[in-house]
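Being a predicted model, the structure only gives us computed values, none of them experimental. Chain naming here is simple, since letters A, B, ... match the order of the sequence lines and numbering starts at 1 in each.
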There are 2 protein chains.
Amino acid sequence: MDYQFLSRTALFRGIQPEEIKTMLSCLTAERKSYEKGEMIYRAGDAAASLGVVLDGKVLIEHDDLWGNTTVLDSVLPGQIFAETYACTAGEPLMVNVEAAERSQILFLNVSRVLRSCTHACAFHGKLIRNLLALSAQKNLNLSRKIFYTASKSIRGRLTAYLSDQAVRSGSSSFTIPFNRQQLADYLNVDRSSLSAEIGKMQREGLLRVKKNLFEIMR
Amino acid sequence: MDYQFLSRTALFRGIQPEEIKTMLSCLTAERKSYEKGEMIYRAGDAAASLGVVLDGKVLIEHDDLWGNTTVLDSVLPGQIFAETYACTAGEPLMVNVEAAERSQILFLNVSRVLRSCTHACAFHGKLIRNLLALSAQKNLNLSRKIFYTASKSIRGRLTAYLSDQAVRSGSSSFTIPFNRQQLADYLNVDRSSLSAEIGKMQREGLLRVKKNLFEIMR
DNA sequence: TCCTTTTTGTTGTTTTGACAACAGATTTGT
DNA sequence: ACAAATCTGTTGTCAAAACAACAAAAAGGA
């Protein structure tokens, strides 16, 4: 097990590799391998353990009532998944978790993580605080998405998103981490309609766009 | 200060009133009063403290670019607010927090809550775990809303919402905690269009509705 | 009870955006 | 550099939903 690697993840940040080694046995962590396409969790499952991706890639997906699959998120090495479900005992997953390629996953039983540790584990508390920080961060990301999609018009969603990006970047010009299709998915609108709206706003002089570089005119 | 009351809140659950008293001084908690309409936090503020509503009522609001105010949530006695921001240092609030009536708020500085406590506070860890549970719970609520509004059609949103309610209630008939306007706001659609769609689905024999009681036909 | 207020359903009109199809641009691989 | 694949912008059509206005129903108060 690569404890050096783990100590650089958000979950184990601030905990020494030596200490992680001790903790993992204390927490009876399990490591498992998955082949490409294999299901790690299924919607409806009760996930008692959170997963840390050690290697490979994991997709969080949703199948709607008509069988269409949407990728909601991808989880890369060092990142975690299912922690929300693991932290709210009994809640069934709303999503499928699938290995996008051959992957190594470390599972941590959250009830053990949360159980206060009477003996050694001095860094146990640090782990929980890291988990809280991750949870709060995810919370903000979800809230943001809800904010951006609160408007019913494409323009409204786009301006909500773009003006927030401008504020966060501290400049009226900034690059976004999405291509058009991804931005359309994120804002929950049709790609071609989004492109059309961007074009219209440029013609109205509200925006200058070159690829992923946006500039808001005032 | 009513420590009995606090020990029944989700944040202090499992901590004895006596212990809470000790903790609050250790955490240098502050109590403040707000008049109706007074702003507790403003969008853009960096909230270092989470708020516990002791008495009164607090509204979480959003003002969009055109000045329209939307109420996102209301926080009642025993519940908390701004914890997400307090847990992610430096993130400015996306919302306004306003006293809906004369209110008493207890502020807890989260950096103190998170700082591991070398001395007395045996229940300090419990407080953090409660906070994590609250955060995970809020996370699920946000995720659910995103799920329900993932479809672009009113019918898609409504069926996503209703079928999940049916699953959670463990029955094909159940009551929902919203009136029509609130449900429309939650699903981010127009109320009258929602009513029309519900009517249509009833005529198609997919649904039976009486007030807030829904029955899904199969 | 009667009156008022709020909630809900209905309908017609108008706007918006999804969708489809395609062409030009850009990127990637060889 | 060339071909193939991917991404982006444009346009027209059409269905869906927003919006507005109103009537019916339900809830609440005096």
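Checked by distance alone, A:Arg155 brings no side-chain donor or acceptor within 3.5 Å of a matching partner on the base of C:dG17. For C:dG17, its base never sits under 3.5 Å from the side chain of A:Arg157 at any donor and acceptor pair. If you check distances only, the side chain of A:Ser192 does reach the base of C:dA20 with a donor-acceptor pair under 3.5 Å.
A salt bridge is absent between A:Arg42 and A:Glu98: the closest approach of a Lys/Arg side-chain nitrogen to an acidic carboxylate oxygen does not fall below 4.0 angstrom. Taking 4.0 Å as the cut-off between side-chain N and carboxylate O, B:Lys138 and B:Glu83 count as a salt-bridged pair. Looking at A:Glu101 and A:Lys57, no side-chain N of the basic residue comes within less than 4.0 Å of a carboxylate O on the acidic one, giving no salt bridge.
Rounded to an integer number of Å, the gap from A:Lys210 NZ to D:dT8 P is 15 Å. Distance CZ (A:Phe178) to C1' (D:dT8): 17 Å, rounded to an integer number of Å. With rounding to whole Å, A:Leu194 atom CG is found 9 Å from C:dA18 atom P. Distance CG (B:Asp190) to P (C:dT16): 14 Å, rounded to an integer number of Å.
Two residues, B:Ile198 and A:Ser153, neighbour DNA chain C, and the one matched to the more 5' nucleotide by heavy-atom proximity is B:Ile198. Each of A:Gln181 and A:Lys152 was assigned the nucleotide of DNA chain D with the nearest heavy atom; the assignment lying further toward the 5' end belongs to A:Gln181.
For B:Arg180 and C:dG9, the shortest distance from a side-chain N or O to OP1 or OP2 is below 4.0 Å. Contact between the side-chain N/O atoms of A:Ser193 and the OP1/OP2 oxygens of C:dG17 is not found at any separation under 4.0 Å.
Residue B:Asn179 places its side chain closer to C:dT8 than to any other of C:dC19, D:dT11, C:dT8. The side chain of A:Arg191 approaches D:dT8 more closely than any other nucleotide in the set C:dA18, C:dT8, D:dT8. If you check C:dT11, C:dA18, D:dA17 against the side chain of B:Ala196, the one that comes closest is C:dT11. Which of D:dT8, C:dT8, D:dA18 sits closest to the side chain of B:Ile154 comes down to D:dA18.
Of all heavy-atom pairs spanning B:Arg180 and B:Leu194, the tightest one is O-CD2, 3.8 Å.
Note: A:Tyr34 and A:Phe107 have perpendicular aromatic rings, judged against thresholds of 30 and 60 degrees for the angle between ring planes.
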